[in-house]
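Here's the structure we're looking at; comments come further down.
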Amino acid sequence: MMSAKKRILEEIKTFPGQSGIYYQNLETGETWGYGEKASYLAASIVKLPLMAAILLWKSRGETSFDDKVTIREDQKIPGCGAVQFLNGDVTLTVGKLCKLMIVISDSCATNALFRHYGAEAIRQAFLELGLTGTQFNREYWDEEREKQGINNYFVPEEMGGLLRRMYDRTLVDRESSDWLEDILRQQQINHKLGGKLPMDFPMAHKTGDEEDKAHDVGIVFTKSPFIACFAYVGPHMQDYEDFIRRAARMLADENGGVDM
């Protein structure tokens, strides 16, 4: 029978646009990929490395989850999340904004954190975390900067590296790695990596969705856990989402199955 790797690599090449995958088995260390070193327009994926940057600053005492941030009514944007539906100016702690950013991919919360820390501090933290192609350059729904060609990017292999260090409890430190894995396990947008897995199957992941983008990066905790980072920018977003579902199930079946 054809291996999952071979089937996935044969199909991923058929998608028009830009497609990629990074895979790593967390027990054996086996890695492979396709387009895994390229930069992709990020959608919500850069919320993951921003979270890692905040944990880095927190570990040094440069920020606290108790710090308060105010979101003005005129700073609210559409898209994912709940903050946009709260009336008037909203003041929340950094910790609550982080949870909203990851668990329900709240873009208002993310923009508030981006403004709070600033683009240059985020850039420096990304570099310190070893992220050279992954960049958070502008807020969400900033049409003026988007027209200027200023965008956000991620590299599947770099996201895999972050997830590997989190799994090894070396992403910043053990406490930060524990916190990040716990919050990624609470992610509520599970229709891609988890789409053909049993409901509530253990995963720690972050998605990215726009009309021409379909991403999902995370760890699937089968008997032999693995990292899978999927990226797609192109006209067949819905077909690629189905590909992610099928590919994740194939990989799960090869790595110990889904019986817990």
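Taking the six-membered ring where the residue is Trp, Tyr240 and Phe15 present perpendicular rings, their angle passing 60° and hence far from 30°. Aromatic ring orientation, Phe136 versus Phe126: tilted (interplanar angle from 30° to 60°).
Looking only at distances, no side-chain donor or acceptor of Asp173 sits under 3.5 Å from a matching main-chain atom of Thr170. Although no hydrogens or angles enter the test, the distance criterion places no donor-acceptor pair under 3.5 Å between the side chain of Glu146 and the main chain of Glu144. Glu158 places a side-chain N or O within donor-acceptor distance of the main-chain N or O of Thr134, the cut-off being under 3.5 Å. Judged purely by atom type and a 3.5 angstrom limit, Arg145 has no side-chain atom pairing as donor or acceptor with the backbone of Asn151. Between the side chain of Glu36 and the backbone N or O of Cys229, no donor-acceptor pair lies under 3.5 Å. At least one donor-acceptor pair closer than 3.5 Å links the side chain of Tyr140 to the backbone N or O of Ala43. Looking at Gln84, its side chain does come within 3.5 Å of a backbone N or O of Gly79 through a donor-acceptor pair.
No side-chain donor-acceptor contact under 3.5 Å links Lys13 and Ser19. Looking at Lys192 and Thr207, their side chains never bring a donor and an acceptor atom within 3.5 Å of each other. Using a 3.5 Å distance cut-off with no hydrogens or angles, the side chains of Asp67 and His116 do not pair a donor with an acceptor. Between the side chains of Asp242 and Gln238, no donor N or O sits under 3.5 Å from an acceptor N or O. Between Arg138 and Asn152, the side chains place no donor N or O within less than 3.5 Å of an acceptor N or O (distance only, hydrogens not considered). A donor-acceptor contact closer than 3.5 angstrom links the side chains of Lys206 and Ser105. Side chains of Gln24 and Thr31: no donor on one and acceptor on the other come within 3.5 Å. Side chains of Asn137 and Gln135: a donor on one and an acceptor on the other come within 3.5 Å. For the residue pair Lys6 and Ser3, no side-chain donor N or O sits within less than 3.5 Å of a side-chain acceptor on the partner.
Interatomic distance, Asp239 CG to Thr14 OG1, rounded to the nearest 0.5 Å: 9.0 Å. Atom CD1 of Ile227 sits about 12.0 Å away from atom CD1 of Ile21, to the nearest 0.5 Å. The CZ atom of Arg245 sits 10.5 Å away from atom CG of Asp216, with the distance rounded to the nearest 0.5 Å. Here the straight-line distance linking atom OG of Ser176 with atom CZ of Arg165 works out to 12.0 Å at 0.5 Å rounding.
Phe230 and Ala248 get closest at one heavy-atom pair: CZ-N, 4.4 Å. Closest of all the heavy-atom pairs between Ala214 and Ile244 is O-CD1, 4.1 Å. Between Pro49 and Leu129, the closest heavy-atom pair is O-CD1, 4.3 Å. When all heavy atoms are compared, the tightest approach of Lys223 to Gly256 is CB-CA, 3.9 Å. Among all heavy-atom pairs drawn from Ser107 and Ile77, the shortest one is CB-CD1, 3.8 Å. The two atoms that bring Arg164 and Asn25 nearest to each other are NH1-O, 4.0 Å, heavy atoms only.
More than 12 heavy-atom neighbours from other residues, nucleotides or ligands sit within 6.0 angstrom of CD on Gln186. Shown here is Glu120, whose CD atom has more than 12 heavy atoms of other residues, nucleotides or ligands within 6.0 Å. When the shell of 6.0 Å around CZ of Arg169 is examined, it contains more than 12 heavy atoms from other residues, nucleotides or ligands. Taking a 6.0 Å sphere around NZ of Lys196, one finds it holds 12 or fewer heavy atoms contributed by other residues, nucleotides or ligands. Within 6.0 Å of the CG atom in Asp182, the count of heavy atoms belonging to other residues, nucleotides or ligands exceeds 12.
Both Leu26 and Leu171 belong to a single network of hydrophobic side chains, linked directly or stepwise wherever heavy atoms of I, L, V, M, F, W or Y lie under 4.5 Å apart. Transitive grouping of hydrophobic side chains (ILVMFWY, heavy atoms separated by less than 4.5 Å) brings Leu193 and Trp32 into a common cluster. One hydrophobic cluster, built from ILVMFWY side chains closer than 4.5 Å, cannot hold both Ile189 and Val103; they sit in different ones. Under the 4.5 Å side-chain heavy-atom criterion for grouping Ile, Leu, Val, Met, Phe, Trp and Tyr, Ile102 is connected to Leu163 within one hydrophobic cluster. Criterion: ILVMFWY side-chain heavy atoms under 4.5 Å apart, direct or through other members. Under it, Trp141 and Ile104 are part of a common hydrophobic cluster.
Between Lys58 and Phe65, the closest side-chain pair of non-hydrogen atoms falls below 4.5 Å. Side-chain contact between Leu48 and Leu180 is present, with at least one heavy-atom pair separated by less than 4.5 Å. Counting only heavy atoms from C-beta outward, the side chains of Pro225 and Val220 never approach each other to under 4.5 Å. In this structure, the side chains of Arg115 and Gln75 come closer than 4.5 Å at one or more pairs of heavy atoms. Side-chain atoms of Tyr153 and Ile45, non-hydrogen and from C-beta on, never get closer than 4.5 Å to each other. The closest side-chain heavy-atom distance from Leu184 to Met166 is below 4.5 Å.
A salt bridge links Glu181 and Arg185; the closest N-O separation between the charged side-chain nitrogens and carboxylate oxygens is under 4.0 Å.
If you look at Phe243 and His236, their ring centroids are not closer than 6.0 Å. Between Tyr117 and Trp57, the ring centre distance stays below 6.0 Å.
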Checklist entry - After noting the C-alpha distance and the side-chain angles of Trp179 and Leu55, does the key distance pass the side chain to side chain contact (heavy atoms under 4.5 Å, CB included) rule? => result CA-CA 9 Å; Trp179 191 93; Leu55 290 169; 4.1 Å; yes
Checklist entry - When you look at Glu241 and Asp209, which way does the side chain to side chain contact (heavy atoms under 4.5 Å, CB included) test go after all the steps? => result CA-CA 10 Å; Glu241 286 190 346; Asp209 299 278; 3.3 Å; yes
Item to check | Glu11 and Arg246: CA distance, side-chain angles, deciding distance, salt bridge (charged side-chain N to carboxylate O under 4.0 Å, His left out) verdict | outcome: CA-CA 11 Å; Glu11 184 171 355; Arg246 291 183 288 103; 2.5 Å; yes
Checklist entry - Taking it one step at a time, do Asp142 and Phe114 satisfy side chain to side chain contact (heavy atoms under 4.5 Å, CB included)? => result CA-CA 12 Å; Asp142 187 336; Phe114 182 89; over 6 Å; no
Item to check | Met237 and Asp212: CA distance, side-chain angles, deciding distance, side chain to side chain contact (heavy atoms under 4.5 Å, CB included) verdict | outcome: CA-CA 6 Å; Met237 184 266 283; Asp212 60 346; 5.8 Å; no
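Because its NZ or CZ atom is not both nearer than 6.0 Å to the ring centre of Tyr232 and within 45° of the ring axis, Lys213 does not count as a cation-pi partner of that residue.
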Could you go through residues 87-97 and list every donor-acceptor pair under 3.5 Å that involves a side-chain atom there, pairing it with any protein atom two or more places apart or in another chain?
residue: Asp89; atom: OD1; partner: Glu73; partner atom: N; Å: 2.9
residue: Thr91; atom: OG1; partner: Thr70; partner atom: OG1; Å: 2.7
residue: Thr93; atom: OG1; partner: Lys96; partner atom: N; Å: 3.1

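With sequence neighbours left out, Arg249 forms a side-chain hydrogen bond (donor to acceptor under 3.5 Å, both in side chains) with Asp253.
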